[in-house]
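FYI, the numbering just counts along the sequence from 1. Every heavy atom of this structure was used, including side-chain atoms; hydrogens, water molecules and symmetry mates were not.
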Amino acid sequence: MRPTGPLHLGHWLGALRNWVQLQDAYECYFMVADLHALMGEYENPAQIEKSSMEMVMDWLACGIDPEKSVLFVQSQIPEHAELAMILGMITPLGWLERNPTYKEQLREIAGRDLTTYGFLGYPVLQAADILLYKANKVPVGEDQLAHLELAREILRRFEHFYKKSLFPEPEALLTEEPRLLGIDRRKMSKSYGNAINLSDSEDAVRKKVLSMITDPERIKMSDPGHPEVCNVFSYYQIFADAPLTEKAHAWCAGAKLGCVDCKKTFAEVLIEALRPLMKRRREIAARPETVRQILQEGHGRAKARAEQTMREVKEFLHLVRI
Ligand code: SF4
């Protein structure tokens, strides 16, 4: 995960809840992808370290367990850059130039010059991240499938050239992502300032819920609303239990409750759901040295795997060993 700012409800529902479960079924490696963050933030890297530490605090608060999984920082393991360099030598430029995410981001991200060598090679570094640990499953959302396919193609080309199999073919572990929009009904994103963050205080959550956009046709309390088009109601469907969700539907459609009260009710539901996580988050934030310790331990485990893979890769490639 790239440390690009505070994690929000979308990360929790879309990735972290799933990661927590995966820990019991797999040997998991969770990486702070700070080199990937640098690709986008190379002009302004000042926040990368802080965001990285805060992101790990969010992971731990959500239930990522360093006893079960390996948590580590990408830039601390130079083998990522080393393998990316080697894979870059066999990756045709056309594959990278055709990458749909690359083209989309060049178009969509204004104010940053992304026409860099590093940004074009982003999927090569991702392939290295995966192959270095010989991962056979990668938890991804739909939007990352093209990158994973590119990693597989790079791997096949590697094996085609060197006529030997070194890595398992990584498969997607598709994560179901409940549709959760930001408080302004756009995609939830730090850059839109419309996210409810895992590190928000209870008061901040209340304020954000109260500012959520609702059914635009419901002007007065006496207007019957349309819960199916209201963002607040979609949150009820995810976070509230069935009886309360049905009640909210009836309040709204029957014009029995105003939007402010409906939101106030929901804010308490959301805070209740987040409370254990918020409490753990505060406890972890009070002991930042623990986070560094966890990353150091994870580093040792990840580094050993990465070094072993690179020894094998170099042997394959007849690079000089002294
Ligand atoms: Fe949305 Fe609730 Fe208002 Fe209905 S009453 S429009 S569900 S906030």
Side-chain angles (χ1 to χ4, degrees), residues 1-8 10-11 14-15 31-52 54-55 72-132 135 138-158 160-161 170 172 177 182 184 186-195 306 310 313 317:
M1 189 179 273
R2 278 184 312 143
T4 52
L7 299 191
H8 52 62
H11 296 112
M31 181 180 84
V32 177
D34 57 346
L35 290 176
H36 286 285
L38 189 60
M39 281 179 188
E41 304 290 337
Y42 62 88
E43 284 181 282
N44 185 23
Q47 292 301 313
I48 293 180
E49 185 177 15
K50 182 170 179 278
S51 297
S52 297
E54 300 223 328
M55 183 173 82
F72 68 99
V73 179
Q74 183 186 30
S75 67
Q76 293 297 304
I77 300 190
E79 284 79 2
H80 286 263
E82 200 178 9
L83 184 56
M85 156 72 91
I86 289 172
L87 297 177
M89 289 177 191
I90 62 164
T91 306
L93 212 44
W95 290 7
L96 301 174
E97 286 166 340
R98 280 196 298 275
N99 166 16
T101 317
Y102 173 71
K103 290 202 271 190
E104 183 194 307
Q105 298 208 336
L106 279 190
R107 243 188 351 258
E108 305 267 318
I109 300 184
R112 263 183 289 171
D113 180 8
L114 291 178
T115 54
T116 59
Y117 168 65
F119 193 66
L120 179 68
Y122 186 103
V124 181
L125 183 55
Q126 266 188 338
D129 300 335
I130 296 166
L131 299 182
L132 206 48
V138 187
V140 286
E142 295 257 356
D143 57 336
Q144 286 288 316
L145 281 177
H147 281 167
L148 187 59
E149 185 50 33
L150 200 46
R152 277 201 291 263
E153 293 197 359
I154 294 171
L155 162 62
R156 286 181 206 132
R157 194 164 159 93
F158 184 90
H160 166 76
F161 283 136
E177 295 182 34
D184 58 359
R186 291 187 294 167
K187 185 179 173 205
M188 187 176 280
S189 158
K190 174 199 77 150
S191 40
Y192 295 151
N194 65 358
M310 282 315 294
V313 168
L317 299 178

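Scanning all heavy atoms of the two residues, the minimum distance from Met55 to Met1 falls at CE-O, 3.2 Å. Considering every non-hydrogen atom in both Val124 and Gly88, the closest pair reads CG1-N, 3.6 Å. Considering all non-hydrogen atoms of both residues, Lys187 and Tyr192 come closest at O-CD1, 3.2 Å. Across Ala128 and Ala84, no two heavy atoms sit closer than the pair CB-N, 3.6 Å. Across all non-hydrogen atoms, the minimal contact from Gly40 to Leu114 is CA-CD2, 4.2 Å.
Leu87 CG to Leu131 CG: the interatomic distance, rounded to the nearest 0.5 Å, is 6.0 Å. The distance from the CE atom of Met89 to the CZ atom of Phe161 is 13.0 Å, given to the nearest 0.5 Å. The distance from atom OH of Tyr117 to atom CE of Met39, rounded to the nearest 0.5 Å, is 10.0 Å. Summarising the geometry, atom NE2 belonging to His160 is positioned 13.0 Å from atom CG belonging to Leu155; distances are rounded to the nearest 0.5 Å. Put simply, CG on Leu96 and NZ on Lys103 are 12.0 Å apart, with the number rounded to the nearest 0.5 Å. Here CG of Leu120 is found 13.5 Å from CH2 of Trp95. Values are rounded to the nearest 0.5 Å.
Taking the side-chain contact (heavy atoms from CB on, under 4.5 Å) definition, one finds that Ala135 meets it with Ile130, sequence neighbours left out. With sequence neighbours excluded, the residues satisfying salt bridge (Lys or Arg N to Asp or Glu O under 4.0 Å) with Arg152 are Glu149. Scored by the side chain to side chain donor-acceptor pair (under 3.5 Å) test, Ser75 finds Asp34 as partners (sequence neighbours excluded). Residues satisfying the side chain to side chain donor-acceptor pair (under 3.5 Å) test with Ser189, not counting sequence neighbours, are Ser191. Not counting sequence neighbours, the partners of Arg186 by the side chain to side chain donor-acceptor pair (under 3.5 Å) test are Asp184.
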Pairs under 3.5 angstrom only: tabulate donor-acceptor contacts from the side chains of residues 42-52 to other protein residues two or more places apart or in another chain.
unit_1, atom_1, unit_2, atom_2, d
Tyr42, OH, Asp113, O, 2.4
Glu49, OE2, Arg292, NH1, 3.4
Glu49, OE2, Arg292, NH2, 3.2
Ser51, OG, Gln47, O, 2.9
Ser52, OG, Ile48, O, 2.7

List the atom pairs, with distances to 0.1 Å, where a side-chain N or O of residues 138-145 and a protein N or O form a donor-acceptor pair under 3.5 Å, not counting sequence neighbours.
unit_1, atom_1, unit_2, atom_2, d
Gln144, OE1, Gln126, NE2, 3.3
Gln144, OE1, His147, ND1, 3.4

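Note on residues 76-88: pairs passing salt bridge (Lys or Arg N to Asp or Glu O under 4.0 Å), not counting sequence neighbours, are Glu79-Lys303, Glu82-Lys314.
Counting heavy atoms from C-beta outward, Gln74 and Leu125 have side chains that approach closer than 4.5 Å. Within the 4.5 Å cutoff, no side-chain heavy atoms of Thr91 are placed close to those of Arg157.
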